[in-house]
Amino acid sequence: MSLRLNDTLSGRPKTVRSAPGRPVALYVCGPTVYAAAHVGHARTYLEFDLVRRTLEADGHRVRHVMNITDIEDKLELRARDLGMTWRSLARSEERSFVRDMDALGILRPNFQPRASDFVPEIIRVARRLERTGRVYRQGDDWMYRPPARPPGRNFPTGASLAAHAVLEPDHPLPVSAADRGEFMIWRRQEAPHPSWPSPWGRGGPGWHLECYAMAQKYLGLPVDVHGGGRDLIFPHHYAENEIALALDRRPFSRLFVHLEFVLQNGRKMAKSTGNLVSIEQAIRDGSARGLRWYLMARPYTEPVDWDGADYRRAVEEFESLRGTFGGWLAAGAGGRLGSRPVRALVEGVGRDLIANLRSDRAVARIRDFAHRLAGDPSGRVARGERGAARSAVADLERRTGLSLL
RNA sequence: GCCGAGGUGGCAGAAUGGUUAAUGCGACGGACUGCAGAUCCGUUUCCUGGGGGUUCGAUUCCCUCCCUCGGCUCCA
């Protein structure tokens, strides 16, 4: 039995595999660091943290890479409003992001490269794309036009405006380059915009090339698992995949995993609309470990409707559950229970996670276990079993990232 | 249009192919009460969107249709 996850490209569950003798190559798209991370980010990185923990518990080594996007228009705009340079704002938001991830018990990736440190590598990718003959200039932008591909063999190519134009014949709209699935690989620009010298003049790279360059450098392509939130499917992951198909004739990843959104008031949480609860705010209103518990209570394949009251209930529930575990393992408690039930719990949780990362089932299982313990007046671990029970709980914490004691 | 997630009693919401389809809220009846509330006890015969298929057996797996919600140039 090995970890199975839903693959977006094929629409079916697929088993995670690595090349023989190699660690599992996990590439996760990190945030654009222009504003505080919100609960939606927490969910995404938490879920890939569980992917990693589950693979490791299953005996695999994992090499985990997450990029930090620090070249982006919004970063410049906000920095200008705050009277900072884009670079100092990016560094400061990156530090906050790392602090939030640490608080949630998310293991740090093995590599966390920044786009701005990867410009020479990105330029090399752009030059290789240019050699395909599919790059053209449009004003200050150099665009890549992917070849047409048979339907069903790739991510959707957006086509949103074209489709809307068909749906609403009164308001026909022009079909843009993006609608045709084209994307910018280099933009000529000067300071105060971030800019670097390149064969196309001073300027900055398009978004998607960084991930190709980083994945290639740290992991080799194709990677084994690639993912992020659903919003990255188009255009970002589509574009990365087009680059890999053009340059290597192979997809970017063997398996693409995308999480459903965190919603608030029925709408997607997003930095750009301000419809969000920051991780920092959520932790202030509850606790970091409670937030982890709350988010794990739903499978990654279903949306989460953020609800402050539900969240606070989950925080309280988790605190009482920790009390139950603590009392059960207390020194000198002198109960009659063995360590076998908790070992069975750990095995059950392992089965839940390895079958498409069903953290919701794992949460239900842990909750039921704690209820049974709490309802048993002699529910304390026997003196000679304490060490075994403690190490089983430590194993459970390692697998789930939950701090139970 | 494309992608995705849903559709289970009056409402919310469980159920990893196997008793009588959890549980909570509400409603109703009773106890208690001068009356009401709170609390406790009990009742709630009625529910798996439609149609096919696989199976001894389907809420669960497959196909199809309908409906609701979200997303689709920035994004986790």
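- For the P atoms, the distance from B:U59 to B:G49 is 10 Å, rounded to whole Å.
- A:Glu72 comes within contact range of the sugar-phosphate backbone alone, with a heavy-atom separation under 4.0 Å but no base atom that close.
- No donor-acceptor contact under 3.5 Å links the side chain of A:Lys271 to the base of B:C75.
- Here, B:G34 and B:A12 have their C1' atoms 38 Å apart, quoted to the whole Å.
- Nucleotides B:G26 and B:G37 are separated by 12 Å at their P atoms, to the nearest Å.
- Under 4.0 angstrom from either OP1 or OP2 of B:U16 there lies no side-chain N or O belonging to A:Arg358.
- Residues A:Tyr136 and A:Glu182 have side chains that bring a donor and an acceptor to within less than 3.5 angstrom of each other.
- Contact check, A:Thr32 against B:A76: a side-chain N or O comes under 4.0 Å of OP1 or OP2.
- Taking atom CD on A:Glu210 and atom C1' on B:C74, their separation rounds to 14 Å, with Å as the unit.
- B:G26: Watson-Crick or G-U partner is B:U44, with both key distances under 3.5 Å.
- Within the nucleic acid shown, A:Thr273 has no heavy atom closer than 4.0 Å to any nucleic acid atom.
- Nucleotide B:A5 holds its C1' atom 12 Å from the CD1 atom of A:Ile233, rounded to whole Å.
- Checked against the 6.0 Å centroid threshold, A:Tyr294 and A:Trp306 count as a close aromatic pair.
- The side chain of A:Arg365 approaches B:U16 more closely than any other nucleotide in the set B:A5, B:U16, B:G70.
- Using a 4.0 Å heavy-atom criterion, one finds that A:Leu232 contacts the sugar-phosphate atoms exclusively.
- Closest approach to the A:Arg361 side chain among B:A76, B:C74, B:U16 is made by B:U16 (side chain taken as heavy atoms from C-beta onward).
- For B:U60 and B:G18, the C1' atoms lie 11 Å apart once the distance is rounded to whole Å.
- Counting non-hydrogen atoms under 4.0 angstrom, A:Arg298 reaches the backbone sugars and phosphates but no base.
- Between B:G9 and B:A21, the distance separating the two P atoms is 14 Å to the nearest Å.
- Under the 3.5 Å distance criterion, with hydrogens and angles disregarded, a donor-acceptor pair is assigned to the side chains of A:His237 and A:His258.
- Between A:Asp305 atom CG and B:A5 atom P the separation is 16 Å, expressed in whole Å.
- When heavy atoms are screened at a 4.0 angstrom cut-off, A:His38 is found touching base atoms of the nucleic acid.
- Comparing B:C47 with B:A14, their C1' atoms sit 14 Å apart, to the nearest whole Å.
- Comparing B:U8 with B:G51, their P atoms sit 16 Å apart, to the nearest whole Å.
- Distance NZ (A:Lys268) to P (B:G4): 17 Å, rounded to an integer number of Å.
- Atom C1' of nucleotide B:A76 and atom CD of A:Glu240 are separated by 13 Å, given to the nearest angstrom.
- A donor-acceptor contact under 3.5 angstrom links the side chains of A:Glu210 and A:Thr69, judged on distance only.
- Annotation: B:U45 and B:U39 have their P atoms spaced 24 Å apart (nearest Å).
- The closest side-chain donor-acceptor pair between A:His236 and A:Glu240 falls under 3.5 angstrom.
- For B:G1, the paired base is B:C72 (Watson-Crick or G-U wobble, both distances below 3.5 Å).
- Checking A:Arg365, A:Arg399, A:Arg361 one by one against A:Asp352, the salt bridge (Lys or Arg N to Asp or Glu O under 4.0 Å) holds for a single residue, A:Arg365.
- Counting only heavy atoms from C-beta on, A:Ser272 has its side chain closest to B:C74 among B:A76, B:C74, B:A5.
- Residue A:Gly266 is in sugar-phosphate contact alone, with no base atom involved, counting any heavy-atom pair closer than 4.0 Å across all strands shown.
- Looking at heavy-atom distances under 4.0 Å, A:Thr8 makes no contact with the nucleic acid at all.
- Separating the CZ atom of A:Arg12 from the P atom of B:C61 is a distance of 13 Å, rounded to the nearest angstrom.
- Base contact: A:Val262 has a heavy atom under 4.0 Å from a base atom.
- Following rounding to the nearest Å, A:Asp231 (CG) and B:C2 (C1') show an atom-to-atom distance of 17 Å.
- Distance A:Met101 CE to B:A76 C1': 9 Å, rounded to the nearest Å.
- The minimum heavy-atom distance between A:Asp70 and A:Leu75, with the atom names listed, is O-CD2, 3.0 Å.
- B:G17: no Watson-Crick or G-U partner with both key distances under 3.5 Å is found in any strand.
- Here A:Gly228 lies in heavy-atom contact (under 4.0 Å) with sugar-phosphate atoms only.
- Position along RNA chain B of the nearest nucleotide to A:Leu259 versus A:Asn6 favours A:Asn6 as the more 5'-ward residue.
- Side-chain contact annotation: A:Glu190 with A:Ser195, donor-acceptor N/O pair under 3.5 Å absent.
- Residue contacts shown for A:Asp352 include a base, since a base heavy atom lies under 4.0 Å away.
- Residue A:Arg230 has no polar side-chain atom (N or O) positioned under 4.0 Å from OP1 or OP2 of B:C72.
- Residues A:Glu302 and A:Asp360 each lie close to RNA chain B; by heavy-atom proximity, the contact nearer the 5' end of the strand is made by A:Glu302.
- In this structure, B:U54 makes no Watson-Crick or G-U wobble pair, since no nucleotide meets both defining distances under 3.5 angstrom.
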